[in-house]
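Here's the structure, in structure tokens; my notes come after.
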Amino acid sequence: MTEVATQSDTARTPEVREYDVVIIGAGLTGMHQLLTVRELGLSVRVIEAGSGVGGTWYWNRYPGARLDSESYSYQYAFDKELLDEWQWKEMFASQPELEAYYNRVADKHEIRKDVDFDTRIASMVFDESTDTWDLVSTEGTRYRAKVVVAATGILSDPNFPNIPGLENFKGEWHHTAMWPKEKVDFTGKRVAVIGTGATGVQVIPEVAKTAGHLTVFQRTANWAVPLRNRPLSDEDMSEIRDGYPEMFEKLRNSFSGFLHSWDPVKSTDVSVDERDARYEEAWNSPGFTKWIGLYNDLAYDAEANKIYCDFLASKIRERINDPAIADKVIPDDHYFGTKRVPCETNYYETYNRDNVDLILLKENPIEEFTEKGVRTADGEMEFDIIVLATGFDAFTGALNQIDIEGLNGATLREKWKDGPKTYLGIQVAGFPNFFIMGGPHGKGGHGNGPRCAEPVIEWMATVINDIFTHPWGRIEADPEAERLWTQDVVDAAAGTLQATAKSIFFGDNIEGKPRVYVAYLGSLPEFVQRLNAVRDEGYRGFILS
Ligand code: NAP
């Protein structure tokens with residue numbers, strides 16, 4: 001384990017690096033926030049645990065990693081020159097293309113000069129005597145800043161399965177969210193993949209192509225749909241580029257920042273033939289057309305959703321030769337779309353290969369990792385490589401990894417032990433001048449990441465400017481405003497179809513995590529309107545001092 005420097009240890013370290021603003025994380029949000037703070041003329045430092053930019057697209061370099069949003073809808077909107085320059089190769093970009101894109105942004109805007117790479121913040125303490133935050137990295141580097149922005153991401157704290165003995169395994173193992181930069185060679189190897197979420201369904205077909213044998217361990221079947229990716233030609237890009245102003249305007253006004261939007265028509269308003277033809281057409285279309293591009297009642301009407309589930313199940317059956325395997329991968333415990341829908345390419349066909357087996361953990365659980373592989377209830381299985389596609393401690397995990405101490409010694413971890421509490425998904429009462437971008441209670445979890453982050457980044461830039469230009473230099477959420485916002489987030493999910501599924505949105509994937517809803521269920525424009533109203537009313541719900 002990495003040794004963590006404590007505040008008292010570091011009292012002996014002379015150098016404290018002082019900035020107006022510290023941003024934690026050089027992912028897509030942190031990079032953009034950096035540029036906005038720079039423009040304010042403030043001193044700013046970004047602290048990044050990885051050795052490069054891109055966040056999610058830096059860490060998740062497993063084979064098959066790619067977008068579920070159309071590439072052009074996911075890029076930064078703020079740089080017209082880059083919009084004209086960047087040529088997306090595929091409708092849904094792969095990790096290497098995205099990493100190259102963020103590196104191009106970093107080159108163009110000289111982002112790296114303001115980033116400390118390979119540096120992980122271990123603790124931060126608010127010093128009431130100076131109204132500043134003291135931050136310490138795991139290596140003992142000390143920072144002080146008046147404002148701290150955590151751009152730590154929703155899905156950045158890898159979840160390891162609660163199965164003992166991984167340290168005993170003598171083969172090679174990798175978590176998909178900590179994938180090595182060097183190529184992992186599966187050729188002829190005996191490989192296990194644990195997990196069949198959005199990541200699992202992407203990595204499994206890729207591993208199967210070269211592995212000697214692949215065993216997939218499934219805890220829960222997911223409703224995955226075909227991505228239907230395709231290359232983008234110069235002509236495609238030229239046409240897409242011509243439409244950028246309208247596209248970004250449309251995305252800003254969309255429910256979750258996606259190109260697709262719910263049809264106001266209900267599935268029960270049309271004939272069965274018309275409905276089925278629509279489902280067939282959606283099935284053959286790219287990306288989330290098959291989810292949020294359909295009749296709106298699929299989101300809330302269990303009966304309507306069930307009919308669509310039956311349609312999807314029939315499509316899965318067409319793709320898998322062995323009906324018994326099809327039965328295993330067709331979900332029977334949740335409605336479609338009650339989790340973020342994984343998009344796949346040849347996932348279901350992978351089970352037709354001779355070198356692939358599927359094991360249901362509910363029937364044959366893994367009891368422990370062993371030197372040679374895993375011991376299941378049925379006996380030991382030997383593997384050369386184990387891939388953990390077991391997801392994340394989402395929304396709160398990354399922040400809970402840091403010892404964050406606010407007013408009167410209160411810690412964020414303790415405050416959030418029964419579930420996160422925030423005001424606007426941005427601030428927490430008792431933690432002045434500390435802002436969370438894309439954590440719990442914001443729009444990002446359900447939406448297109450950059451589109452949901454952009455308005456918050458712009459909002460934050462105004463707040464930060466105000467902190468440094470007004471007689472008040474300290475802003476903190478009012479506990480009552482925080483209580484109401486938190487209640488609002490939780491209440492919005494009550495009684496919904498979403499609430500019937502076990503998902504990362506309720507922390508169900510992490511043992512012992514309280515079952516509390518953590519994402520903002522309203523629309524993106526509504527969320528932005530609420531943020532702006534708060535600011536325009538003199539930061540209603542905040543205490544300024
Ligand atoms: P995930 O959806 O949480 O899936 C993790 C998988 O590992 C699940 O099948 C889970 O089973 C299983 N698992 C977890 N702990 C386990 C244990 N102890 N033993 C056995 N199995 C275990 O994580 P993810 O697939 O990484 O996706 C997370 C989110 O990342 C997605 O919702 C999506 O927002 C995002 N993502 C997006 C893309 C994209 O297309 N752009 C790709 C990957 C990820 P249970 O279902 O039973 O918990």
Side-chain angles (χ1 to χ4, degrees), residues 28 55-57 59-71 73-74 91-95 97-98 153-164 166 175-179 192-204 206 216-227 229 256 258 286-288 291 329 331 333-334 337-345 347 358-362 364-369 374 376 386-395 397 438 444-450 452 498 501-513 518-519:
L28 66 95
T56 286
W57 303 108
W59 293 102
N60 290 265
R61 51 183 71 240
Y62 60 86
R66 65 173 66 249
L67 278 174
D68 58 10
S69 316
E70 287 75 358
S71 313
S73 74
Y74 190 86
M91 188 176 242
F92 300 94
S94 65
Q95 180 275 334
E97 190 176 8
L98 288 154
I154 293 173
L155 300 161
S156 50
D157 182 27
N159 170 44
F160 286 84
N162 50 353
I163 301 167
L166 188 55
H175 192 293
T176 46
M178 299 165 62
W179 201 262
V193 174
I194 303 177
T196 53
T199 301
V201 304
Q202 287 186 334
V203 79
I204 286 165
E206 293 302 314
V216 176
F217 290 93
Q218 173 186 283
R219 186 163 73 178
T220 312
N222 258 299
W223 290 112
V225 295
L227 181 64
N229 193 18
S256 297
F258 292 119
F288 285 155
W291 178 18
V329 299
D333 70 336
H334 66 279
T338 49
K339 307 179 184 190
R340 184 162 172 144
V341 174
C343 293
E344 47 79 30
T345 304
Y347 171 64
L358 173 69
I359 293 190
L360 300 192
L361 289 166
K362 283 177 185 141
N364 186 16
I366 299 176
E367 291 168 349
E368 60 172 344
F369 293 102
V374 299
T376 70
I386 296 176
V387 175
L388 303 175
T390 42
F392 303 88
D393 182 351
F395 294 93
H446 284 301
N448 177 351
C452 295
Q498 292 230 359
K502 286 187 176 171
S503 76
I504 58 173
F505 293 99
F506 283 93
D508 293 313
N509 60 325
I510 306 293
E511 205 178 313
K513 209 170 171 180
V518 289

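Indexing begins at 1, ligand by ligand and atom by atom, following the structure's order. Model, not experiment: these values are computed from the prediction. Just so you know, residue 1 is the first one in the sequence shown, and it goes up from there.
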**Request:** Could you find the nearest protein heavy atom to atom 12 (C) of ligand 1 and give me its residue, atom name and distance?
**Result:** Gly195 CA, 3.8 Å

**Heteroatom distance test (Tyr62, ligand 1): nitrogen or oxygen, under 3.5 angstrom** = no

**Asked** Polar-atom distance check: Asn222 versus ligand 1, any N or O pair below 3.5 Å?
**Response** no

**Item:** Expected output: side-chain Thr176 to main-chain Tyr62 donor-acceptor under 3.5 Å
**Value:** no

**Message:** Can you name the atoms of ligand 1, numbered from 1 with element, that are less than 4.0 Å from a heavy atom of Ile194?
**Reply:** 20 (C), 21 (N)

**Message:** Check whether Gln218 reaches the backbone of Val329 with its side chain - one donor and one acceptor, N or O, closer than 3.5 Å.
**Reply:** no

**Prompt:** side-chain contact (heavy atoms from CB on, under 4.5 Å) between Ile163 and Phe217: does it pass, once the steps are laid out?
**Reply:** CA-CA 13 Å; Ile163 301 167; Phe217 290 93; over 6 Å; no

**Asked** For the residue pair Asn60 and Phe392, what are the closest heavy atoms and their distance?
**Response** OD1-CZ, 3.6 Å

**Prompt:** Just which atoms of ligand 1 are under 4.0 Å from any heavy atom in Phe392?
**Reply:** 26 (O)

**Aromatic ring pairing Phe505/His446, orientation class (parallel under 30°, perpendicular over 60°, tilted between)** = parallel

**Request:** Could you tell me whether the side chain of Thr338 reaches within less than 4.5 Å of the side chain of Ser503, counting heavy atoms only?
**Result:** no

**Message:** side-chain contact (heavy atoms from CB on, under 4.5 Å), that's the test. Do Asn222 and Val201 meet it? Break it down for me.
**Reply:** CA-CA 9 Å; Asn222 258 299; Val201 304; 5.5 Å; no

**Request:** Note the single closest protein heavy atom to atom 38 (C) of ligand 1, along with its residue, its atom name and the distance in Å.
**Result:** Ala198 CB, 4.1 Å

**Message:** Quick check on contacts: which atoms of ligand 1 are under 4.0 angstrom from a heavy atom of Leu67?
**Reply:** 41 (N)

**Prompt:** Is Arg340 close to Asp68 at the side-chain level, that is, under 4.5 Å between some pair of heavy atoms?
**Reply:** yes

**Prompt:** What do you reckon, does Ala389 put a non-hydrogen atom under 4.0 Å from ligand 1?
**Reply:** yes

**Request:** Please write down residue, atom name and distance for the protein heavy atom closest to atom 29 (C) of ligand 1.
**Result:** Leu155 CD1, 3.7 Å

**Asked** Hey, looking at atom 48 (O) of ligand 1, which of Gln95, Arg219, Gln218, His175 has the closest heavy atom?
**Response** Arg219

**Asked** Any idea which protein heavy atom is nearest atom 18 (N) of ligand 1, and the distance to it?
**Response** Asn162 OD1, 3.0 Å

**Request:** Return yes if some donor-acceptor pair links the side-chain N/O of Asn159 with the main-chain N/O of Thr390 below 3.5 Å, else return no.
**Result:** yes

**Asked** So which bit of Asp508 gets within less than 4.0 Å of ligand 1, heavy atoms only: side chain, backbone, both or neither?
**Response** neither

**Prompt:** Counting only N and O atoms by type, is there a donor-acceptor contact under 3.5 Å from the side chain of Trp57 to the main-chain atoms of Leu28?
**Reply:** no

**Asked** In terms of residue, atom name and distance, what is the protein heavy atom nearest to atom 47 (O) of ligand 1?
**Response** Thr220 OG1, 2.4 Å

**Nearest-0.5 Å distance, CD1 of residue Ile386 to NE2 of residue His175** = 13.0 Å

**Item:** Shortest protein heavy-atom distance from atom 2 (O) of ligand 1, along with the residue and atom involved
**Value:** Gly197 CA, 3.9 Å

**Item:** Interfacing atoms of ligand 1 (cut-off 4.0 Å, heavy-atom, Leu361)
**Value:** 20 (C), 21 (N)

**Request:** Around atom 42 (C) of ligand 1, find the nearest protein heavy atom and jot down its residue, atom name and distance.
**Result:** Gln202 OE1, 3.5 Å

**Asked** Any heavy atom of Arg66 sitting closer than 4.0 Å to ligand 1?
**Response** yes

**Complete:** Filtering Asp68, Thr196, Val193, Thr199 for the heavy atom nearest atom 43 (C) of ligand 1 leaves Thr199

**Item:** Backbone N/O of Pro365 and side chain of Thr376: donor-acceptor pair under 3.5 Å
**Value:** no

**Complete:** atom 3 (O) of ligand 1 has as its nearest protein heavy atom Ile504 CG2, 3.8 Å

**Message:** Need the ligand 1 atom indices (1-based, order shown) with element for anything under 4.0 Å from a heavy-atom of Asn159.
**Reply:** 14 (C), 15 (N)

